[in-house]
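When reading the values below, keep in mind they use all heavy atoms of this one structure, side chains included, and skip hydrogens, waters and symmetry mates. Both counts, for ligands and for their atoms, begin at 1 and track the order of listing.
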Amino acid sequence: MLYIAADHGGYPLKEELKHFLIEGGYEVADLGAEELDLADDYPDYAFKLAEQVVQDEEAGGILICGTGQGMCMAANKVAGIRAVLVHNDFTAKDAADHLNANVICLGGRVTNAEMAKKFVKIWLDTEFSEDERHVRRLRKIEEMEES
Ligand code: RB5
């Protein structure tokens, strides 16, 4: 399951990406915003999505705000979330093969729809490397969360 959510800074991009993913055969759950609301707050969507993603090891999440940065900050407050900002092909690939990110964050005011579709596909199509050094580094983050 792929969860997707956005505030007003990411709403138009969310709509485009959601349709792209559904057409591509992915199971997508849209956690809002349901409409463009200039007064909405990105942490509300970040926490809602993060709480879903941590319940299912197979799940992934896509969070979109104006820059992706606020979503990333908020989502990473939820234990078990590995959220990263993706803004080019390299960060999209690294998100998966080095970081095993279960959430990627995009900037609706930074990344256009064609770029975003490409980045999401790279992230989805790339496996975590399982290299010992990456497992070790991620374990250190988990230990911090557990302490
Ligand atoms: C909202 O105006 C904007 O601050 C938000 O979408 C995002 O860019 C935060 O990182």
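- Per-residue contacts place Cys65 under 4.0 angstrom from the following atoms of ligand 1 (heavy atoms of the residue considered): 5 (C), 6 (O), 7 (C), 8 (O), 9 (C), 10 (O).
- Only the side chain of Asp7 comes within 4.0 Å of ligand 1, counting heavy atoms alone; its backbone N, CA, C and O stay farther away.
- For the pairing with Val86, the side chain to side chain contact (heavy atoms under 4.5 Å, CB included) check across Leu106, Val120, Thr111, Asp94 returns one residue only, Leu106.
- Where the criterion is an N or O separation shorter than 3.5 Å, residue side chain and backbone included, Tyr42 fails it with respect to ligand 1.
- Close approach to His8 involves these atoms of ligand 1, each under 4.0 Å from a residue heavy atom: 1 (C), 2 (O).
- Residue Glu34 qualifies as open at atom CD: its count of foreign heavy atoms under 6.0 Å is 12 or below.
- Some N or O of Gly66 is nearer than 3.5 Å to an N or O of ligand 1, by distance alone.
- By the rule that hydrophobic residues join a cluster once side-chain heavy atoms approach within less than 4.5 Å of another member, Leu36 and Leu17 end up as members of separate clusters.
- Protein non-hydrogen atoms do not reach within 4.0 Å of atom 4 (O) of ligand 1.
- To the nearest 0.5 angstrom, Lys117 atom NZ is 5.0 Å from Glu16 atom CD.
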Side-chain polar contacts of residues 58-74 - donor-acceptor pairs under 3.5 angstrom, sequence neighbours left out - could you list them?
from  : atom 1 : to    : atom 2 : distance (Å)
Thr67 : OG1    : Gln69 : N      : 3.0
Thr67 : OG1    : Gln69 : NE2    : 3.4

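- At a heavy-atom cutoff of 4.0 Å, ligand 1 is contacted by no atom of Met71, backbone or side chain.
- Between Gly68 and ligand 1, no pair of N/O atoms sits closer than 3.5 Å.
- Surrounding CD of Glu27 are at most 12 heavy atoms belonging to other residues, nucleotides or ligands under 6.0 Å away.
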